[in-house]
Amino acid sequence: MNENLQKITLHIGTLTLPMSVKREEESFYREAERLIRERYTYYTTKYPNQKTEMYFTMTALDIAVQAQRTKHSVDLEPVAGRLELLLKEIEKAL
């Protein structure tokens with residue numbers, strides 16, 4: 001095994017996933033596991049007696065929508081302000 005990789009086991013829904021991940025990314029996988037388990041549990045509780053595939057689909061959709069919201073809600077105002085100042089400095093220099 002690559003020295004930079006670490007073996008971990010994730011438990012999501014009814015699945016156990018043995019994986020090899022980069023050591024510096026293990027926390028991302030653990031946090032993703034926690035988020036998926038949280039949402040999966042929410043849907044299994046709210047909508048009992050569904051198929052496992054339905055729970056995973058609802059969970060995936062929920063997380064994808066959250067990702068899209070985050071992607072589109074990034075505040076670019078501070079960056080725009082800095083760029084405006086930099087442009088003014090460049091104009092002065094020219």
Side-chain angles (χ1 to χ4, degrees):
M1 181 168 80
N2 183 332
E3 289 181 21
N4 192 32
L5 294 179
Q6 178 173 343
K7 288 187 177 187
I8 63 172
T9 302
L10 303 177
H11 302 278
I12 300 174
T14 58
L15 302 175
T16 299
L17 304 168
M19 302 181 73
S20 294
V21 301
K22 292 180 181 178
R23 290 183 184 282
E24 63 270 12
E25 293 184 355
E26 178 188 4
S27 63
F28 297 129
Y29 283 89
R30 297 289 183 197
E31 185 59 25
E33 173 191 34
R34 185 201 59 75
L35 175 61
I36 294 168
R37 285 170 57 183
E38 177 184 285
R39 301 315 302 155
Y40 184 89
T41 300
Y42 169 80
Y43 286 114
T44 58
T45 302
K46 185 164 178 144
Y47 304 102
N49 304 317
Q50 301 295 315
K51 292 184 178 183
T52 301
E53 294 83 8
M54 180 64 81
Y55 294 129
F56 278 121
T57 301
M58 288 188 280
T59 300
L61 181 60
D62 187 328
I63 293 170
V65 169
Q66 287 180 33
Q68 289 301 309
R69 282 188 191 130
T70 300
K71 180 179 173 182
H72 291 285
S73 70
V74 174
D75 183 12
L76 296 177
E77 190 62 37
V79 175
R82 287 183 182 167
L83 286 175
E84 194 172 316
L85 290 172
L86 287 171
L87 284 173
K88 287 180 182 179
E89 290 295 321
I90 290 171
E91 287 174 359
K92 284 180 188 178
L94 295 177

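Both backbone and side-chain heavy atoms feed into the values below; hydrogens, waters and symmetry mates do not.
Atom CD of residue Glu25 and atom CD of residue Gln6 lie 11.5 Å apart, to the nearest 0.5 angstrom. Atoms CD and CG, on Glu26 and Leu10 in that order, are 9.0 Å from each other to the nearest 0.5 Å. To the nearest 0.5 angstrom, Ile63 atom CD1 is 12.5 Å from Met58 atom CE.
Side-chain contact between Arg37 and Arg34 is absent, with no heavy atoms from C-beta onward closer than 4.5 Å. Annotation: side chain of Leu61 is in contact with side chain of Val65 (closest heavy-atom distance under 4.5 Å). Counting heavy atoms from C-beta on, the side chains of Arg30 and Ile8 come closer than 4.5 Å. Annotation: side chain of Thr9 is not in contact with side chain of Met19 (no heavy-atom distance under 4.5 Å). Residues Arg39 and Gln66 meet the side-chain proximity criterion, which asks for heavy atoms closer than 4.5 Å.
Thr41 places no side-chain N or O within 3.5 Å of a backbone atom of Glu38 that could act as its donor or acceptor partner. A donor-acceptor contact shorter than 3.5 Å links the side chain of Tyr55 to the backbone of Tyr47.
If you check the side chains of Tyr43 and Asp62, you find a donor sitting under 3.5 Å from an acceptor.
The side chain to side chain contact (heavy atoms under 4.5 Å, CB included) with Tyr40 is formed by just one residue from the set Thr45, Ile12, Thr14; it is Thr14.
Hydrophobic clustering, with ILVMFWY side chains joined whenever heavy atoms are under 4.5 angstrom apart, keeps Ile90 apart from Leu85. No continuous path of ILVMFWY side-chain contacts below 4.5 Å connects Leu35 to Phe28, so the two sit in separate hydrophobic clusters.
Remark: Phe56 CZ is packed, more than 12 non-hydrogen atoms of other residues, nucleotides or ligands lying under 6.0 Å away.
The two residues Arg23 and Leu5 make their nearest non-hydrogen contact at NH2-O, 3.8 Å.
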